[in-house]
Peer 1: 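I am attaching a structure below and will ask some questions about it afterwards.
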Amino acid sequence: GSCNRCSNPNRVVRQLKFIWKPGSVPPHYDRELCACVLCDEQLKNDMNIRIPSVNEVNYRRTGNSTGGRGNQSSNSWGSSSNNNSRG
């Protein structure tokens, strides 16, 4: 189903259905559990689920010219050192 707490008219947040192996989770859980990992604090704490906030997300840049030069120079250095070791 959908989470009534996290969903809004513009966004539907689905609950996940967990089916546990017997003895693999704390005894206060049933064998099957439908829960939202965004708002179910007990589930997040018990299962050590950590959802980063927007401020904690690190964005990786792609196509960075400095990274490209670094890779090219290390490749040419590696190939020249291989040539020197042979001769």
Side-chain angles (χ1 to χ4, degrees):
S2 61
C3 177
N4 294 331
R5 186 174 176 188
C6 295
S7 295
N8 63 43
N10 299 323
R11 177 183 72 176
V12 175
V13 176
R14 301 271 180 205
Q15 291 181 325
L16 298 178
K17 182 177 183 179
F18 297 91
I19 301 175
W20 312 109
K21 292 181 182 177
S24 65
V25 293
H28 56 274
Y29 286 108
D30 292 331
R31 188 165 187 279
E32 293 186 13
L33 171 71
C34 282
C36 175
V37 295
L38 298 178
C39 68
D40 191 326
E41 292 299 325
Q42 184 175 358
L43 177 69
K44 291 194 303 186
N45 289 333
D46 289 345
M47 301 302 157
N48 199 22
I49 298 171
R50 185 173 172 271
I51 308 219
S53 66
V54 174
N55 295 336
E56 295 176 0
V57 175
N58 293 325
Y59 294 100
R60 284 190 269 173
R61 291 187 199 174
T62 56
N64 188 346
S65 62
T66 304
R69 283 196 303 262
N71 289 340
Q72 290 170 357
S73 64
S74 66
N75 287 341
S76 63
W77 178 81
S79 62
S80 66
S81 67
N82 287 340
N83 290 340
N84 290 342
S85 64
R86 289 182 191 153

Peer 1: Would you check if Phe18 and Met47 make a side-chain contact, meaning some heavy-atom pair closer than 4.5 Å?
Peer 2: no
Peer 1: Judged by atom type as modelled, is there a donor-acceptor pair below 3.5 Å linking the side chain of Ser24 to the main-chain atoms of Lys21?
Peer 2: yes
Peer 1: Please confirm whether the backbone N or O of Glu41 pairs with a side-chain atom of Asn45, one donor and one acceptor, at under 3.5 Å?
Peer 2: yes
Peer 1: Atom CG in Leu16, atom SG in Cys36: separation rounded to 0.5 Å?
Peer 2: 7.5 Å
Peer 1: Could you give the distance from SG (Cys34) to CG (Asp40), rounded to the nearest 0.5 Å?
Peer 2: 11.5 Å
Peer 1: Where the side chain of Ser7 meets the backbone of Val13, is there a donor-acceptor pair that is under 3.5 Å apart?
Peer 2: yes
Peer 1: Which heavy atom of Lys44 sits nearest to which heavy atom of Val37, and what is that distance?
Peer 2: CD-O, 3.0 Å
Peer 1: Taking the side chain as every heavy atom from C-beta outward, state whether Gln15 and Ser2 have any pair of such atoms under 4.5 Å apart.
Peer 2: no
Peer 1: Rounded to the nearest 0.5 Å, how far apart are CG of Leu43 and CG of Leu33?
Peer 2: 6.0 Å
Peer 1: If we ignore hydrogens and angles and just use 3.5 Å, is the side chain of Lys17 paired with the main-chain N or O of Glu32 as donor and acceptor?
Peer 2: no
Peer 1: Would you mind reporting whether Asp30 and Trp20 have side-chain heavy atoms less than 4.5 Å apart?
Peer 2: no
Peer 1: Within a strict 4.5 Å, meaning less than it, do heavy atoms of the Arg5 and Leu38 side chains meet?
Peer 2: no
